[in-house]
Amino acid sequence: DPGPGDPSVSDPAEDGSSTHPFDAIQEAIPLAIPGDVILVADGVYTGVGNTEIDFAGRPVLLCSAGGPSACTIDGQGAARAFIMQSGETPETRVEGFTIVNGYADIVGGAIYCEDSNPTVADCYIINCTAPFGGALRCLGGSPTLLRCTIAGNSSADDGGALNCYMGSLTVSDCVLHNNWTDDDGGAICCNSGQLTIRNSTFSRNGAGQMGGAVFCGADTDAVITNCILGEDTAAVGAEIALSGGIDIPTLTVAYSDVQDGEYGVYIQGGGVLNWGTGNIVADPLFFDPDNGDFHLAPGSACIDAGDPGFVADPGEMDIDRELRTWNERVDMGGDEFGSHHYGDVNCNGVINGFDIDAFVLALDGPGAYDAAYPDCDIMLADVNGDGAVNGFDIDAFVELLM
């Protein structure tokens with residue numbers, strides 16, 4: 001390659017193979033067909049072709065080789081990472097990146113989504129900024145965030161981290177902390193849309209006006225379930241604020257640990273708060289929040305305190321990609337305390353050859369597995385994440401052992 005890393009000077013033979021890879025992420029996308037996987041080698045990506053990446057509607061998976069700790073897209077305070085504005089579906093997926101120092105002069109410091117429904121999973125979105133939605137702006141559409149850590153993002157107007165307007169935003173199994181806005185919604189601001197938040201943790205977010213963690217504006221329908229909201233700050237509504245006129249917002253909160261309970265919710269100019277069952281007011285006992293560790297510590301009141309009727313989606317995992325429901329009842333927040341990684345079928349904390357006998361037993365006889373490993377969960381053998389333990393998990397299990 002006459003110009004390594006320079007997308008304007010390409011290897012004449014580049015074809016996206018490991019031998020002749022593309023110089024930049026954007027180069028791969030126009031050549032991808034539906035269902036393709038675009039694999040990004042570990043490293044730091046920045047500049048032309050590696051920021052403002054536009055999927056142009058393609059239903060492809062863009063993922064890193066080594067996960068977010070090994071692969072970074074750095075906007076260098078000058079550009080966002082991704083644009084989804086061409087009718088992307090949930091099959092357009094971004095997985096396993098750290099997105100840092102993203103910037104936009106109006107909306108979406110890391111990701112801008114308009115009338116599209118992409119999935120963003122297993123990402124760290126850190127230190128990004130824009131006037132509306134420091135990390136993500138959703139205008140119409142229905143984006144989904146799964147198992148993301150969203151921290152240190154900021155905005156001058158609404159939504160220090162996430163801003164949703166006239167859309168439907170889903171946040172699941174995420175941790176949002178230390179985000180800030182000068183206006184409303186330190187972590188999330190939603191206006192004229194639907195907001196679904198479940199199994200997620202909010203802490204130390206802040207707003208100069210209303211809703212330190214979450215702000216729901218006019219004509220918003222929001223549901224918060226199995227979540228933790230604590231140590232957030234705002235002028236009013238330290239945790240949650242609702243504000244609307246003729247089109248009032250509606251918020252339902254259930255099976256969640258909310259600091260100060262209903263007193264942590266501020267309602268201005270109309271708004272309906274449905275304070276459901278199972279809510280608690282307790283110190284969640286985070287492991288080391290001063291250093292950004294919001295895992296649950298032993299003795300937390302949030303352990304086994306989530307909705308007893310909760311059924312995880314097929315393959316759903318917690319923030320650490322561990323089993324989402326452990327000990328027969330889901331925890332509150334993004335972390336499932338005491339859970340094990342898929343593939344650790346004997347529950348000894350590591351995945352190795354000692355799991356083989358347990359895996360075979362799980363495939364051969366669920367009853368025998370439960371008897372042999374009473375402190376485990378047979379769904380740890382669902383290594384391919386399709387919601388069932390069967391022969392289709394074998395190849396995925398073998399890959400974990402290699």
Tell me, do Trp326 and Leu380 make a side-chain contact under 4.5 Å, heavy atoms counted?
-> yes
With respect to the side-chain SG atoms, do Cys190 and Cys164 come within less than 2.5 Å?
-> no
Ring centres of His295 and Phe286 under 6.0 Å apart?
-> no
Is there a side-chain contact between Asn199 and Asp318, using heavy atoms and a 4.5 Å cut-off?
-> no
Give a yes-or-no answer on whether the side chains of Asp183 and Thr181 include a donor-acceptor pair shorter than 3.5 Å.
-> no
Would you sort out whether Ile351 and His341 count as a side chain to side chain contact (heavy atoms under 4.5 Å, CB included), showing the intermediate values?
-> CA-CA 8 Å; Ile351 300 172; His341 285 281; 4.2 Å; yes
Name all residues meeting the salt bridge (Lys or Arg N to Asp or Glu O under 4.0 Å) criterion together with Asp290; count only those two or more places apart in sequence or in a different chain, and write none if there are none.
-> Arg204
Just jot down the side-chain hydrogen bond (donor to acceptor under 3.5 Å, both in side chains) partners of Asn127, sequence neighbours excluded, or say none.
-> Asn101
Donor-acceptor pair, side chain of Glu399 and main chain of Ala396, under 3.5 angstrom | no
side-chain hydrogen bond (donor to acceptor under 3.5 Å, both in side chains) pairs touching residues 57-70, sequence neighbours excluded, are none
Taking Asp331 for the side chain and Phe337 for the main chain, is one N or O donor matched with an acceptor at less than 3.5 Å?
-> yes
Is a side-chain N or O of Glu88 found less than 3.5 angstrom from the main chain of Gln85, in a donor-acceptor match?
-> yes
